[in-house]
Structure formats: C-alpha cells, structure tokens
Amino acid sequence: MNRFTAIKAELRKMLGPEIGIGVTDPKASGAALLPGEIPAMKRAVETRRLEFAAGRSAARQAMRELNLSPVAIPMADDRSPVWPDGVIGSITHCNDICIAIVAHKGSEHGIGIDIEPDGLLDPDLEAVICTPSEREWLDTQNTERRGHLAKQIFCVKESIYKAIHPLIGQMIEFQDVEFLRPLQPNSPIALTIGDRTTRLELRLMSQTLDDKFFSFAALDDMSAMFLLSLESVS
C-alpha cells in the first residue's frame with residue numbers, strides 16, 4: 001500500500017461511506033485539465049498549474065467513488081471550485097499531497113477540508129488568526145505546544161470557511177469564527193457576519209496524517225438553513 005492509498009484509507013475511516021475521497025500528488029505531471037478548467041491557468045506558473053491539475057484530478061477521483069460523472073470543475077472569480085449541480089465538495093493541498101472530497105447535495109449541506117504541515121504558527125499571526133478568547137485558552141496550554149495548537153486552530157478555521165462560503169457567498173475573517181471549545185470534536189462556534197453573532201453547530205473532525213494536520217468541517221441542517229437565510233436577504 002503506497003502513501004496516498006494509506007492516507008485515503010485513514011480518511012475513509014474518518015469520513016464514512018457517503019463522502020467521496022480523492023488523493024493525488026501535486027508534484028506529478030500526469031494530471032490533465034479539462035477544457036472548462038484551462039482558462040483559470042492561462043497565466044499560472046508551472047507549480048501552480050500542477051497543484052490545480054492535481055486538485056481537479058483528486059476531485060474527479062472522489063466523484064467516481066460516488067458514481068458521479070468526472071466532469072470539469074471550473075474556478076469561480078473568488079477562486080473557489082464550481083461544482084456540478086447536485087454536488088458539493090472541497091479541495092485542499094500542501095507541498096506534497098492534494099485531497100478532495102465530494103458529496104451529494106442533500107446528504108451534506110456544506111463541507112470543507114484543509115491540510116497543513118503540523119508545525120508552528122508564526123507568533124506574529126496568532127492575533128490575526130485567534131480571537132482573544134482563543135488566545136486565553138492558548139495561555140492555559142503547554143507552552144511548547146502553543147504554536148502547534150494555534151496552527152491547528154488556523155487549519156480548522158480554513159475548513160470551516162470552505163464549508164460556509166458557498167452558502168453565504170461572502171468573505172469571513174478569522175476573527176469572525178470563534179471556537180466555544182477550541183479544538184474539541186464538534187465544538188460549536190460563534191460566527192459573526194456584519195453586526196450579528198450566532199452560535200452554530202458543526203461536525204468537526206481532525207487528524208494527523210504523516211507530518212500533516214487535516215481538518216474536516218460539515219454543517220448540520222439547522223446551521224445550513226440559517227446561513228442560506230442570510231444569503232437570501234443579502
């Protein structure tokens with residue numbers, strides 16, 4: 001079993017059978033773009049083109065797991081993937097791995113993933129990524145682990161953003177998402193959009209894969225309905 005197959009097996013245990021999973025190598029040159037994807041890469045450097053192609057290849061691998069047609073996945077103006085009707089998904093990559101997940105719309109309402117090297121967050125970024133309450137929590141943790149935990153908060157917030165963004169169609173900042181129980185499985189969050197702060201319930205899972213930290217976020221029914229109501233009045 002090669003490294004990517006082993007990681008995919010670990011993700012399958014974590015995410016269950018209703019989510020398609022694809023894992024590819026962003027350094028490999030064999031992944032081809034489909035016609036609808038080529039315009040996004042016209043001016044891209046070679047490393048970016050390889051990453052993009054690996055992400056789309058991983059997404060089609062994930063789609064095949066759910067017996068979906070492996071179609072083109074263009075890039076929207078905000079750089080997010082444009083999934084085919086009836087499908088939701090998320091793509092993430094770092095220097096040596098690319099992961100994509102997809103699900104039938106309805107079985108899931110919003111899903112997001114992120115993968116990051118399991119290193120330290122730059123101390124100068126801690127106040128950007130973490131809210132005052134989260135930094136107070138970091139103060140109670142082992143000093144040697146603080147940078148790792150702050151990096152994990154960053155990773156989980158990235159996956160939350162990817163789950164939420166397609167439903168609200170607007171940017172949210174790191175400070176707009178606050179964990180009520182930092183880095184605990186399924187921790188509720190306080191989400192601030194404009195002048196309104198609301199508690200949301202999410203399915204949150206994370207795991208160390210090799211020397212990487214992987215996070216997954218999914219919205220429950222009520223949270224998805226609330227976010228869709230915001231989008232409808234914006």
**Q** Find out whether Pro132 and Gln175 are in side-chain contact, i.e. whether some heavy atom of one side chain is under 4.5 Å from a heavy atom of the other.
**A** yes

**Q** Please tell me if the side chains of Asp176 and Ile193 come closer than 4.5 Å, counting only heavy atoms from C-beta onward.
**A**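 Contact flag for Asp176/Ile193 side chains = no.
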
**Q** Using the test salt bridge (Lys or Arg N to Asp or Glu O under 4.0 Å), find all partners of Asp220 that sit at least two apart in sequence or belong to another chain.
**A**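 By the salt bridge (Lys or Arg N to Asp or Glu O under 4.0 Å) rule, Asp220 matches no residue at all.
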
**Q** Can Ile160 be reached from Leu125 by stepping across I, L, V, M, F, W or Y side chains whose heavy atoms are under 4.5 Å apart?
**A** yes

**Q** Mind checking salt bridge (Lys or Arg N to Asp or Glu O under 4.0 Å) for Asp124 and listing every partner two or more places apart, or none if nothing turns up?
**A**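 Applying salt bridge (Lys or Arg N to Asp or Glu O under 4.0 Å) to Asp124 gives none.
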
**Q** Quick one, Arg56 and Pro81 - any side-chain contact, counting heavy atoms below 4.5 Å?
**A** yes

**Q** Would a 4.5 Å heavy-atom cut-off, applied to side chains only, mark Ile7 and Arg3 as touching?
**A**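 Yes - at least one pair of side-chain heavy atoms lies under 4.5 Å apart.
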
**Q** Dump the intermediate steps for side-chain contact (heavy atoms from CB on, under 4.5 Å) on Thr198 and Leu200, then the final yes or no.
**A** CA-CA 6 Å; Thr198 304; Leu200 294 183; 4.3 Å; yes

**Q** Would you mind reporting whether Lys8 and Glu65 have side-chain heavy atoms less than 4.5 Å apart?
**A**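 Yes, their side chains come closer than 4.5 Å.
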
**Q** Is it true that a side-chain atom of Glu126 and a backbone atom of Arg135 form a donor plus acceptor pair closer than 3.5 Å?
**A** no

**Q** With Glu178, which residues qualify under salt bridge (Lys or Arg N to Asp or Glu O under 4.0 Å), at least two apart?
**A**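 Expected list: none.
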
**Q** Which residues end up grouped with Met41 if you chain together Ile, Leu, Val, Met, Phe, Trp and Tyr wherever their side-chain heavy atoms are less than 4.5 Å apart?
**A** Leu33, Ile38, Phe52, Met75

**Q** Anything under 3.5 Å between a donor and an acceptor, one on a side chain of residues 99-107, the other on a protein residue two or more places apart or in another chain? List them.
**A**
| unit_1 | atom_1 | unit_2 | atom_2 | d |
| --- | --- | --- | --- | --- |
| Ser107 | OG | His104 | O | 2.7 |

**Q** Enumerate the side chain to side chain donor-acceptor pair (under 3.5 Å) contacts for residues 182-195, please, sequence neighbours excluded, ordered by first and then second residue.
**A** Thr192-Thr197

**Q** List, by chain and number, the other hydrophobic cluster members for Val45, where Ile, Leu, Val, Met, Phe, Trp and Tyr join if side-chain heavy atoms come within less than 4.5 Å, directly or indirectly.
**A** none

**Q** Can you check whether Leu11 reaches Leu209 side chain to side chain, under 4.5 Å on heavy atoms?
**A** yes

**Q** What I want to find out is whether Lys157 reaches Glu134 closely enough, with some N-O distance under 4.0 Å, to be called a salt bridge.
**A** yes

**Q** Restricting to side-chain hydrogen bond (donor to acceptor under 3.5 Å, both in side chains), what partner residues turn up for Thr208, sequence neighbours left out?
**A** none

**Q** Scan for ring pair (Phe, Tyr, Trp, His ring centres under 6.0 Å) pairs involving residues 168-205, sequence neighbours excluded, and state none if there are none.
**A** Phe154-Phe174

**Q** Does anything in residues 18-44 form a side chain to side chain donor-acceptor pair (under 3.5 Å)? List the pairs, not counting sequence neighbours.
**A** Glu37-Arg60

**Q** Measuring only between side-chain heavy atoms, which start at C-beta, is Met14 closer than 4.5 Å to Met205?
**A** yes

**Q** Counting only pairs under 3.5 Å, give me each side-chain donor-acceptor contact of residues 108-121, with atom names and distances, residues two or more places apart or in other chains.
**A**
| unit_1 | atom_1 | unit_2 | atom_2 | d |
| --- | --- | --- | --- | --- |
| Glu108 | OE2 | Arg203 | NH2 | 2.7 |
| His109 | NE2 | Asp221 | OD1 | 2.5 |
| Asp114 | OD1 | Thr92 | OG1 | 3.3 |

**Q** Write out all pairs satisfying side chain to side chain donor-acceptor pair (under 3.5 Å) with one or both partners inside residues 75-85, taking only residues at least two apart or from two chains.
**A** Asp78-Ser80, Asp78-His165

